[in-house]
J.: 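Dropping the structure in here first, questions after.
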There are 2 protein chains.
Amino acid sequence: MTAPERTEPRLRGRPRSPATDAAIIEAALRLLEEGASVGGLSIEGIAREAGVGKATVYRRWPGKDALMLDVLRSLEEPSPEPAGVSVRDDLVTILEFMRRRGLAKRNSALLRSLVTQMHAHNELWRAYDENVIAARRASLRAVLRRGRESGEIRDDVDLELLADLFTGPMLSRAMLHEWKELPEGLAERIVDTVLAGVSPRG
Amino acid sequence: MTAPERTEPRLRGRPRSPATDAAIIEAALRLLEEGASVGGLSIEGIAREAGVGKATVYRRWPGKDALMLDVLRSLEEPSPEPAGVSVRDDLVTILEFMRRRGLAKRNSALLRSLVTQMHAHNELWRAYDENVIAARRASLRAVLRRGRESGEIRDDVDLELLADLFTGPMLSRAMLHEWKELPEGLAERIVDTVLAGVSPRG
DNA sequence: CCAATACGAGACGGTCTCGTATCGTTACCC
DNA sequence: GGGTAACGATACGAGACCGTCTCGTATTGG
């Protein structure tokens, strides 16, 4: 899916193999799955795992950071478009998407590692934050805004706080605990409990 | 604060300097604050930063992992004992403690890194999880149980889920975003919103 | 004073990765 | 088929760390 930067469409000579692009990213993912920390990951090791010469990697990416950014991007799927029927169901859809993502075995330990490394280099994190996370949050905010207008959500609650109220429990479980902490039905339970409130009779 | 294991109380010879213990841990913290990733941290670098010979480090800890565990422990403060007046106030106390922790600048980026590295080595993570996190969660669960008995909390909600509902938003902000995302009053707002619920009139 | 141990400094041999360069081979465009 | 660039492999020198060890010195208890 993810194609590294290609400066010009070179017309002469053997073209770069897109399969090799993918093989390199796959190798990086495989190593990360096996528990390697991002810091302990090396271009050399990735090339070895991919069955590829080091130069082939360096031909595509200038260094580990840029490669990591593409690795992270390769994990992204288009988030589902909320159906727009009820706000409650849309919220469940979004959280359920997050849950399956965390379960996807690759992503759980992986996202944690990548997020940490990204944070270290502020520029990379900003790029990822602005491209990917911002879009997700915007989608969520739109749903919340609709809920506020339709009366399904109180209008005296900060939407930003609200977003974290819904996503926080899912995220913190995925990052702190193991995959088993994201059981079936968790999305519904979070949404319904936050909507209804915890104290009896509101 | 944190003293590395000392196998026996050696009676003869020059005793180890507790000041050196602290200097090493301080150096590690300093490097982590400066943005070094845990993976990129080296015993050699820590010793250099501390103005200490490498052997002095190896005399105290068998390797980086063990040292990291003590570094992590050195960040722990005793969590506040909930006053026990109202469950709502106790929850605010706990969350406010988490917030100040995340703000402490050392801990924000630091906890993120350390948690990631700990997760890599399952044994260390289990040790930390059982010693520190479990105690915190137990304290929180006790408050929630009391709230359920006193009628301040509905009795049809899973306490485990409830704990994440309260702590998740704070944790995910601290880990994903920057320090500025933990503003004054956040603890109260989370607790009150989760208690009251988001939909109007409960 | 003496034995024992910790200390800072750093030498040591080893492993690992870096990023570059050079092989002969391979695949594609014109 | 000829030109050209990507390919896998591997060599290269530089440099970071590893964990152990040995200096000479400092600091304790007996």
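Below, each value reflects all heavy atoms present in this structure, side chains not excepted, and no hydrogens, waters or symmetry copies. Residue numbering restarts at 1 for every chain, and letters A, B, ... go by the order of the sequence lines.
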J.: Looking at residues at least two apart in the chain, or sitting in another chain, which of them share a salt bridge (charged side-chain N to carboxylate O under 4.0 Å, His left out) with E184(A)?
T.: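 E184(A) satisfies salt bridge (charged side-chain N to carboxylate O under 4.0 Å, His left out) with R99(A) once adjacent residues are dropped.
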J.: Determine: side-chain N/O of T56(A) to OP1/OP2 of dG8(D), distance under 4.0 Å, yes or no.
T.: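 T56(A) to dG8(D) OP1/OP2: side-chain N or O found under 4.0 Å.
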J.: In whole angstrom, give the distance that lies between atom CZ of R48(B) and atom P of dA11(C).
T.: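 Computing the R48(B):CZ to dA11(C):P distance gives 13 Å.
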J.: Would you say a side-chain N or O of R60(A) is under 4.0 Å from OP1 or OP2 of dC7(D)?
T.: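 For dC7(D), OP1/OP2 do have a side-chain N/O of R60(A) under 4.0 Å.
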J.: Applying side-chain hydrogen bond (donor to acceptor under 3.5 Å, both in side chains), name anything that partners R148(B), two or more places apart in sequence or on another chain.
T.: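 Applying side-chain hydrogen bond (donor to acceptor under 3.5 Å, both in side chains) to R148(B) gives none.
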J.: Under the side-chain contact (heavy atoms from CB on, under 4.5 Å) rule, collect the residues that match up with E188(A), sequence neighbours excluded.
T.: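 Once residues adjacent in sequence are excluded, the partners of E188(A) under the side-chain contact (heavy atoms from CB on, under 4.5 Å) criterion are R88(A), V92(A), D192(A).
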J.: Salt-bridge test for R189(A) and D158(B): reply yes if a basic N is under 4.0 Å from a carboxylate O, no otherwise.
T.: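 Salt bridge between R189(A) and D158(B), a charged N being under 4.0 Å from a carboxylate O: yes.
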J.: Using the test salt bridge (charged side-chain N to carboxylate O under 4.0 Å, His left out), find all partners of R146(A) that sit at least two apart in sequence or belong to another chain.
T.: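 Partners of R146(A) by the salt bridge (charged side-chain N to carboxylate O under 4.0 Å, His left out) criterion, ordered by chain and then number, come out as D90(A).
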J.: Using the side-chain contact (heavy atoms from CB on, under 4.5 Å) criterion, which residues pair with E44(A)? Sequence neighbours excluded.
T.: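 With neighbours one apart ignored, the set is S42(A), R48(A), K54(A).
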J.: With sequence neighbours left out, what residues match D89(A) under salt bridge (charged side-chain N to carboxylate O under 4.0 Å, His left out)?
T.: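 By the salt bridge (charged side-chain N to carboxylate O under 4.0 Å, His left out) rule, D89(A) matches no residue at all.
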J.: At how many degrees, to 10°, do the end axes of the helix from dC1(C)-dG30(D) to dC30(C)-dG1(D) meet when each uses five pairs?
T.: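 Here the helix ends are tilted 20° relative to one another.
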J.: List in chain and number order the residues that pass side-chain hydrogen bond (donor to acceptor under 3.5 Å, both in side chains) with D155(A), two or more places apart in sequence or in another chain; answer none if no residue qualifies.
T.: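 D155(A): no side-chain hydrogen bond (donor to acceptor under 3.5 Å, both in side chains) contacts found.
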J.: Which parts of nucleotides 19-24 of chain D does protein reach within less than 4.0 Å, heavy atoms only, written one letter per nucleotide 5' to 3' as B for base, S for sugar-phosphate only and - for none?
T.: BBB---
J.: With 3.5 Å as the limit, what N/O pairs link the protein to nucleotides 26-28 of chain D?
T.:
unit_1, atom_1, unit_2, atom_2, d
dA26(D), N3, R14(B), NH1, 3.3

J.: Output all residues satisfying side-chain contact (heavy atoms from CB on, under 4.5 Å) with T20(B), sequence neighbours left out; order by chain, then residue number.
T.: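 Result, side-chain contact (heavy atoms from CB on, under 4.5 Å) vs T20(B): S17(B), I24(B), V52(B), T56(B), R60(B).
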J.: List the atom pairs, with distances to 0.1 Å, where a side-chain N or O of residues 134-141 of chain B and a protein N or O form a donor-acceptor pair under 3.5 Å, not counting sequence neighbours.
T.:
unit_1, atom_1, unit_2, atom_2, d
R136(B), NH2, E76(B), OE1, 2.7
R137(B), NE, E160(B), OE2, 3.4
R137(B), NH2, E160(B), OE2, 2.9
R141(B), NH1, E160(B), OE1, 3.3
R141(B), NH1, E160(B), OE2, 3.3

